[in-house]
2 protein chains.
Amino acid sequence: MSDRPAKDKLFDAFASVAKVLGSGRRAEIVDVLAQGERPVDEIAEEIGQSIANTSQHLQQLLRVGLVRTRREGTRIHYRLSGTAVTRLWAAVREVASEHVAELDELAEAYLGDRAALDSLTRTELTNRMAAGDVVVLDVRPEHEFRSGHIPGAVSVPVRELAGRMRDLPHGRIIVAYCRGQYCVFADEAVRTLREQGMPAVRLEEGYPEWAEAGLPVEAGAPRKSGAPG
Amino acid sequence: MSDRPAKDKLFDAFASVAKVLGSGRRAEIVDVLAQGERPVDEIAEEIGQSIANTSQHLQQLLRVGLVRTRREGTRIHYRLSGTAVTRLWAAVREVASEHVAELDELAEAYLGDRAALDSLTRTELTNRMAAGDVVVLDVRPEHEFRSGHIPGAVSVPVRELAGRMRDLPHGRIIVAYCRGQYCVFADEAVRTLREQGMPAVRLEEGYPEWAEAGLPVEAGAPRKSGAPG
DNA sequence: GTGGTATTCAAGTGAATACTTGAATATCAC
DNA sequence: GTGATATTCAAGTATTCACTTGAATACCAC
């Protein structure tokens, strides 16, 4: 009645998708690519692995179809193959945060104590953006900003923030956002800004969730601020 | 700046969720449990594995928190730990069906050719239910029907269908549903009914998707049809 | 208590996995 | 064509994994 070998193969195929996400390093890769496409060497740098090893992880993601490639001269850029992958990755994090016992400790060990940091949800931010009383600050690396960001956001990568504080408009609350809930950039930015007495909060989630929710996005280089020449 | 070991551990924790779904047998278990709770021996039977092996797979699902247990005398019933798990499993299937190259062949090898079988979407079915011109037929095993089904559905497990054809009301189109898109029960039912000249189609998706979509559900034993006693 | 059943645990085996190292390809600049 | 760079491939090793078998545990009926 039921065709056991065929059923097993079908479910092995489903499982192959989960399996390829079942490595912390590949999960980090997907998390990085959720911000936009990247060449191999940069991905390797992001996940702290050798290029050869990173390449092999990317091959596995490619074989299952989670990523695609684009050649540009001698470099090969990887990107997620579609929004279904973004949703899958979000579903994994959601289940982990609800059901994996140690996740809270691990998150706190990486992110530090967030109790003192206020955060805004997406809808709160859209409301305040409409009211015009906030500055939206994208603290991801600039190329991630270029490949897509919240409309009207200012790009100041967290590594440059300390030196570029003067570029930021005063008098309005600054809402910093980054790659997502489990990314430290916005936290660091908020702490840095507060130390200088500037009012700052973080967006609870990050750019991929914003885009996935169908909210407006914008792409391209940041406007130069300040300006000798 | 970034705490590599802590970040790796955090992403290993995310990945542990995906990893545990990264086995065809455990994926089958999750698919079975999406219909409702089941004791170990029945799960083993469903996935065609030994009880010892099934138990170990269940321990792994338990360790990561995807399932919970309930003891009833000497038997232990497993169930999914929440709707986030159902959504995760749906996301896995969605990505697989969009991006895994061989999935179509594998699905066809297991399900047979579906070209000849019409199917209805959830919304089409709710419309026709409101119009009152369909009979909804649940062809899953009866205990799955009891733990939750589409309101007003008649329960006739596919294995009993051939012998109980007379119990079904005539004159209206029969819409059969089962565990989901990749379940053969409804297909078999539709074929059986059509061979007898009865108008039948299948619901595209299955009971878990119906419930997850927030549509009304009903639980409890089926009404006896026909009746000596 | 004894006997029976459902489930889990423990040990063993063959296959698959992650990462390393060093060599092979492919494109570009010239 | 040559040299330089980005990426992939191949081989090797230590670890992890899926499944089997047989024993241990936990509950129930009596």
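Reminder, nothing fancy here: chain letters follow the sequence lines and each chain counts from 1. As the structure is a computational prediction, the values presented were derived from the model and not from experiment.
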*Describe, as an angle rounded to 10 degrees, how the axis at the first end of the helix from C/dG1-D/dC30 to C/dC30-D/dG1 is tilted relative to the axis at the last end, five pairs per end.*
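That helix has its two terminal axes inclined by roughly 40°.
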
Could you tell me the separation between the [atom1] atom of [X] and the [atom2] atom of [N], rounded to a whole number of Å?
{"X": "A/Ile29", "N": "D/dT7", "atom1": "CD1", "atom2": "C1'", "value": "14 Å"}
{"X": "A/Glu45", "N": "D/dT7", "atom1": "CD", "atom2": "P", "value": "13 Å"}
{"X": "A/Glu37", "N": "D/dT7", "atom1": "CD", "atom2": "P", "value": "12 Å"}
{"X": "B/Ile43", "N": "C/dT8", "atom1": "CD1", "atom2": "C1'", "value": "14 Å"}
{"X": "B/His77", "N": "C/dT5", "atom1": "NE2", "atom2": "P", "value": "17 Å"}
{"X": "A/Arg75", "N": "D/dT8", "atom1": "CZ", "atom2": "P", "value": "12 Å"}
{"X": "A/Glu28", "N": "C/dC19", "atom1": "CD", "atom2": "C1'", "value": "15 Å"}
{"X": "A/Ile76", "N": "C/dT25", "atom1": "CD1", "atom2": "P", "value": "16 Å"}

_Partners passing side-chain contact (heavy atoms from CB on, under 4.5 Å) against A/Glu46 (at least two apart in sequence or in another chain)_ =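 Residues passing side-chain contact (heavy atoms from CB on, under 4.5 Å) with A/Glu46: A/Val32, A/Arg38, A/Glu144, A/Arg179.
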
*asked:* For B/Glu212, is there an ion pair with B/Arg87 - N to carboxylate O distance below 4.0 angstrom?
replied: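 So B/Arg87 pairs with B/Glu212 through a salt bridge.
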
*Check step by step if salt bridge (Lys or Arg N to Asp or Glu O under 4.0 Å) holds for B/Glu209 and B/Arg122.*
CA-CA 9 Å; B/Glu209 291 80 14; B/Arg122 282 199 301 267; over 6 Å; no

*Hey, is the main chain of B/Ile51 close enough, under 3.5 Å, to the side chain of B/Ser55 for a donor-acceptor pair?*
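Between the backbone of B/Ile51 and the side chain of B/Ser55 there is no qualifying donor-acceptor contact (under 3.5 Å).
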
*State whether the side chain of A/Ser147 and the backbone N or O of A/Gln35 hold a donor-acceptor pair below 3.5 Å, judged by distance alone.*
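Pair found, side chain donor or acceptor close to backbone of A/Gln35.
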
Sequence neighbours excluded and cut-off under 3.5 Å, please list the side-chain donor-acceptor pairs for residues 64-73 of chain A, or say none.
from: A/Arg70; atom 1: NE; to: A/Glu37; atom 2: OE1; distance (Å): 3.2
from: A/Arg70; atom 1: NE; to: A/Glu37; atom 2: OE2; distance (Å): 3.3
from: A/Arg70; atom 1: NH1; to: A/Glu72; atom 2: OE1; distance (Å): 2.8
from: A/Arg70; atom 1: NH2; to: A/Glu37; atom 2: OE2; distance (Å): 2.3
from: A/Arg70; atom 1: NH2; to: A/Glu72; atom 2: OE1; distance (Å): 3.1
from: A/Arg71; atom 1: NE; to: A/Gly73; atom 2: O; distance (Å): 3.2

*Once each nucleotide of nucleotides 22-30 of chain D is scored for protein heavy atoms under 4.0 Å, what B/S/- sequence comes out, 5' to 3'?*
B---SSS--

*Quick one: which of B/Val175, B/Leu168, B/Val158 gives a side-chain contact (heavy atoms from CB on, under 4.5 Å) with B/Leu137?*
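Result: among B/Val175, B/Leu168, B/Val158, B/Leu168 is the only option passing the side-chain contact (heavy atoms from CB on, under 4.5 Å) with B/Leu137.
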
_Inter-residue atom distance A/Arg140.CZ - A/Asp138.CG, 0.5 Å rounding_ =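 Between A/Arg140 CZ and A/Asp138 CG, I get 4.0 Å after rounding to 0.5 Å.
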
*Would one find a side-chain N or O of B/Tyr78 under 4.0 angstrom from OP1 or OP2 of C/dT8?*
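Indeed, a polar side-chain atom of B/Tyr78 lies that close.
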
Are any protein N/O atoms closer than 3.5 Å to N/O atoms in nucleotides 12-19 of chain D? If there are, list each pair with its distance.
from: D/dC17; atom 1: OP1; to: B/Lys19; atom 2: NZ; distance (Å): 3.2
from: D/dA18; atom 1: OP1; to: B/Arg26; atom 2: NH1; distance (Å): 3.1
from: D/dA18; atom 1: OP1; to: B/Arg26; atom 2: NH2; distance (Å): 3.0
from: D/dA18; atom 1: OP2; to: B/Gln60; atom 2: NE2; distance (Å): 3.3
from: D/dC19; atom 1: OP2; to: B/Asn53; atom 2: ND2; distance (Å): 3.2
from: D/dC19; atom 1: OP2; to: B/His57; atom 2: NE2; distance (Å): 2.5
from: D/dC19; atom 1: O5'; to: B/Asn53; atom 2: ND2; distance (Å): 3.1

_Are the side chains of B/Asp167 and B/Val156 in contact, using a 4.5 Å heavy-atom criterion?_
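They are not in contact (no side-chain heavy atoms under 4.5 Å apart), so the answer is no.
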
*So what does A/Leu58 hit on the nucleic acid, given a heavy-atom distance under 4.0 Å: a base, only sugar-phosphate, or nothing?*
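Counting heavy atoms under 4.0 Å across all strands, no contact is made by A/Leu58.
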
*For residues 5-15 of chain B, pull every pair meeting salt bridge (charged side-chain N to carboxylate O under 4.0 Å, His left out), keeping only residues two or more places apart or in separate chains.*
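Counting only pairs at least two positions apart or across chains, the salt bridge (charged side-chain N to carboxylate O under 4.0 Å, His left out) contacts touching residues 5-15 of chain B are A/Arg25-B/Asp8, A/Arg25-B/Asp12, B/Arg4-B/Asp8.
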
*Any idea how B/Phe11 and A/Trp89 line up, ring-wise: parallel (<30°), tilted (30 to 60°), or perpendicular (>60°)?*
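Rings of B/Phe11 and A/Trp89: parallel, as their planes differ by under 30°.
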
